[in-house]
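Below is one structure, written out as structure tokens; the observations come after it.
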Amino acid sequence: MRSTVQLSVSEVTSDIIKKILEWHKPHREAMLGLYNRYLGSGLPIQSRTLPDPKKPNNKIPNDYRGYIINQIVGYLWGQPISYSLDTRKYEETKVKENQERISRFTTLNTIDDLDGETGKLMSICGYAARLLYIDKNGEERAMNIFPWEAIFIEDGGEITHAIRYYTVKDLNNNEYMKVEWYDSKNVTFFIEDDGVFIMDSEGSQPHLFDYVPLIRFQNNDEEQGDFEKVEALIDAYDKIISDSVNEIETFANAYMGFKGVQIDQETIEKMKQTGGIEIGENGDVYFITKNINDTFVENQKKTLNENIHKFSASVDMSDEKFSGGAQTGESRKWKLIALENKAGTKAMKFGKGLREQFKVLCSAWKKKNIDIDYLDIFWEFKRNIPIDLSYVAEYASKLKGIHSDHTLLSQIPYIDDVAYEKELMRQEKEDMIDLDSFTDDTETQEQEEVNQ
């Protein structure tokens with residue numbers, strides 16, 4: 001699926017909007033399908049039918065899709081991204097002001113939660129979207145947009161326009177489409193009326209940024225979701241589990257065979273009530289059982305499970321090879337290598353979106369005489385894994401003097417805001433009392449009396 005369409009647009013018309021929405025329709029449906037399957041609805045196993053309606057037809061989904069997404073989101077975004085400013089390029093009086101501006105933006109917009117949700121949507125659907133806007137108080141705000149409601153228009157490889165479209169209801173509960181058309185200066189609002197898009201009463205308004213404020217976060221260049229490649233394997237696993245339960249249920253409803261005995265329905269009903277039956281000397285009664293090759297089934301399940309994790313670059317945390325007591329921390333790191341490689345690629349792609357975000361954001365700050373170069377803003381991802389505090393302390397102490405305090409602090413996993421931590425350290429240092437130069441007033445007075 002693709003989020004961009006190559007189009008040269010000088011003036012937007014109803015026909016242009018309709019053509020773009022029609023082009024995006026299959027991509028929208030594909031993304032909605034992925035999102036619904038992540039939520040656990042619309043799965044192939046749930047709509048499965050069997051030729052014989054009298055036989056058991058269990059429909060048991062296994063939430064591999066949710067497991068794959070939630071694992072990478074927790075691993076990469078479970079610890080908030082730390083944002084910082086390259087202070088070397090600014091006067092000392094401006095450093096604190098600029099850092100506070102960045103911190104205010106991240107705090108006001110609960111950016112840690114916003115980043116996590118953005119990461120989740122791009123991992124499910126292939127890309128995510130974030131809208132920057134100015135609120136009524138003049139504050140720069142950010143909100144996530146569902147990717148199936150966002151289209152990006154390119155011209156020569158550069159995003160020149162973007163569309164957000166969604167369905168709303170009027171006072172009579174009638175649904176209609178609303179479109180927000182963004183360019184580098186304005187946002188224009190359209191509504192659908194009898195299949196034609198006309199300008200809404202809100203008209204066209206400046207969005208107060210110098211670039212398109214709808215930001216794209218790509219999962220990869222192909223804009224493919226994390227579990228798309230293994231959906232066939234997941235569906236096969238669902239079938240095996242469901243069919244196994246079907247076999248057990250059929251086995252529980254075992255058939256009874258009679259040999260040399262005449263049995264009618266009345267006798268069968270009586271036997272169900274009493275639990276017994278009288279048979280002649282040459283008669284025989286026995287259960288008809290079905291042998292189930294459980295070894296074959298378990299091997300198939302194991303193979304599918306391993307392939308799902310392998311080809312989705314996720315980790316089976318319940319696997320004895322990973323969670324066993326004999327495993328060391330170093331060996332577990334190597335078993336995380338596929339997940340780490342995927343996380344590294346995601347961090348690079350996510351960083352591309354963040355760079356565009358701060359480019360747009362700094363253009364609004366510049367209008368307030370806050371001159372921050374968006375290329376001077378940096379961020380760091382931290383992996384959400386158990387922390388060995390003694391190892392961290394030893395690591396930091398050994399590198400003291402080799403690296404700057406800023407670099408060392410940025411490597412400590414539980415420190416989210418390096419600039420804030422350095423400020424706390426500075427304040428503590430200023431507030432410390434020099435006990436060696438401290439003299440008790442009583443002691444001083446007694447010494448003066450002796451001298452007299």
Side-chain angles (χ1 to χ4, degrees), residues 73 76-122 128-145 150 159 162 164 180 182 184-185 187 205-218 346-382 406 409-410 414-424:
V73 172
L76 190 56
W77 287 277
Q79 292 285 344
I81 301 172
S82 60
Y83 295 91
S84 59
L85 178 71
D86 186 351
T87 59
R88 298 171 301 171
K89 299 182 179 180
Y90 300 89
E91 297 178 4
E92 189 174 348
T93 54
K94 288 291 185 180
V95 168
K96 185 176 181 181
E97 178 184 337
N98 291 344
Q99 288 175 334
E100 287 179 348
R101 173 59 59 173
I102 296 171
S103 180
R104 179 175 179 82
F105 172 77
T106 58
T107 303
L108 181 64
N109 291 283
T110 55
I111 207 72
D112 51 348
D113 179 64
L114 205 66
D115 286 343
E117 287 299 307
T118 304
K120 183 179 77 174
L121 285 170
M122 70 180 246
R130 181 179 294 180
L131 177 65
L132 297 180
Y133 65 99
I134 308 296
D135 68 11
K136 295 179 180 179
N137 298 319
E139 296 276 5
E140 296 80 18
R141 303 300 299 271
M143 63 180 289
N144 282 339
I145 303 297
I159 293 177
R164 178 193 177 197
E180 298 174 7
Y182 292 90
S184 60
K185 295 295 181 183
V187 52
Q205 303 174 4
H207 51 60
L208 304 179
F209 299 99
D210 288 343
Y211 307 94
V212 176
L214 191 59
I215 314 299
R216 177 181 57 181
F217 291 81
Q218 290 177 295
K346 280 182 181 290
M348 287 190 293
K349 291 297 183 182
F350 197 86
K352 184 179 179 181
L354 289 178
R355 184 62 68 202
E356 184 66 21
Q357 169 189 281
F358 283 112
K359 176 183 174 182
V360 176
L361 191 59
C362 287
S363 71
W365 286 342
K366 194 169 185 178
K367 292 178 172 62
K368 297 180 179 180
N369 295 321
I370 302 169
D371 194 7
I372 301 177
D373 188 343
Y374 73 97
L375 296 175
D376 294 336
I377 300 175
F378 296 92
W379 47 86
E380 184 181 1
F381 290 83
K382 297 177 181 178
H406 185 96
L409 291 172
S410 68
Y414 52 80
I415 295 179
D416 300 325
D417 191 331
V418 174
Y420 179 70
E421 182 67 21
K422 289 173 69 176
E423 177 64 18
L424 290 179

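The residues of the chain are indexed from 1 along the displayed sequence. Side-chain atoms are counted along with the backbone in the values below, which use heavy atoms only and exclude waters and symmetry mates.
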| query | Taking side chain as C-beta onward, heavy atoms only, is S84 less than 4.5 Å from Q99? | reply | no
| query | Under 4.5 Å between any side-chain heavy atoms of I159 and R216, yes or no? | reply | yes
| said: Any side-chain to backbone donor/acceptor pair from N144 onto L114? Under 3.5 Å, distance only. | reply: yes
| Which residues share a side-chain hydrogen bond (donor to acceptor under 3.5 Å, both in side chains) with E423, sequence neighbours left out | R426, Q427
| Worked verdict on W365 versus N98 for side-chain contact (heavy atoms from CB on, under 4.5 Å) | CA-CA 10 Å; W365 286 342; N98 291 344; over 6 Å; no
| field | Closest heavy-atom pair and its distance - L361, F209 | value | CA-CE2, 4.4 Å
| query | With a 4.5 Å limit on heavy-atom distance, are the side chains of K352 and Q218 in contact? | reply | yes
| task | Specify the closest pair of heavy atoms between R355 and I377, including all atoms of both residues, with the distance to one decimal. | result | NH1-O, 2.9 Å
| request: Could you walk me through whether Y90 and D371 pass side-chain hydrogen bond (donor to acceptor under 3.5 Å, both in side chains), step by step? | output: CA-CA 10 Å; Y90 300 89; D371 194 7; over 6 Å; no
| query | Can you name the closest pair of heavy atoms from I134 and H207 and give their distance? | reply | CG1-O, 3.9 Å
| field | Test: K359 cationic atom under 6.0 Å from Y211 six-membered ring centre, within 45° of axis | value | yes
| query | Can you list the residues that meet the side-chain hydrogen bond (donor to acceptor under 3.5 Å, both in side chains) rule with K368, with sequence neighbours excluded? | reply | E140
| How about F350 and W379: are their ring centres within less than 6.0 Å of each other? | no
| said: Is there a side-chain contact between V360 and R130 in this structure, where contact means two heavy atoms from C-beta onward sitting under 4.5 Å apart? | reply: no
| Do the side chain of N137 and the main chain of E139 share a donor and acceptor less than 3.5 angstrom apart? | no
| request: Could you pull out the closest heavy-atom pair between A129 and L214, with the gap in Å? | output: CB-CD1, 4.4 Å
| Note: K366-D210 ion pair, threshold 4.0 Å (strictly below) | no
| query | Rounded to the nearest 0.5 Å, how far apart are CG of N109 and CG of D112? | reply | 10.5 Å
| task | Could you pull out the closest heavy-atom pair between R164 and L131, with the gap in Å? | result | NH1-CD2, 4.5 Å
| query | Tell me, do L85 and I372 make a side-chain contact under 4.5 Å, heavy atoms counted? | reply | yes
| message | Using side-chain heavy atoms (C-beta onward) and a distance below 4.5 Å, is T93 in contact with E97? | response | no
| field | pair F217-L354: side-chain heavy atoms closer than 4.5 Å | value | yes
| Hey, which of Y420, F105, F358 is the one that makes ring-ring contact (aromatic ring centres under 6.0 Å, His included) with Y83? | F358
| How far apart are the closest heavy atoms of P213 and Y182, and which atoms are they? | CG-CD2, 3.7 Å
| Audit row: R141, L108, side-chain contact (heavy atoms from CB on, under 4.5 Å) steps and yes/no | CA-CA 8 Å; R141 303 300 299 271; L108 181 64; 3.6 Å; yes
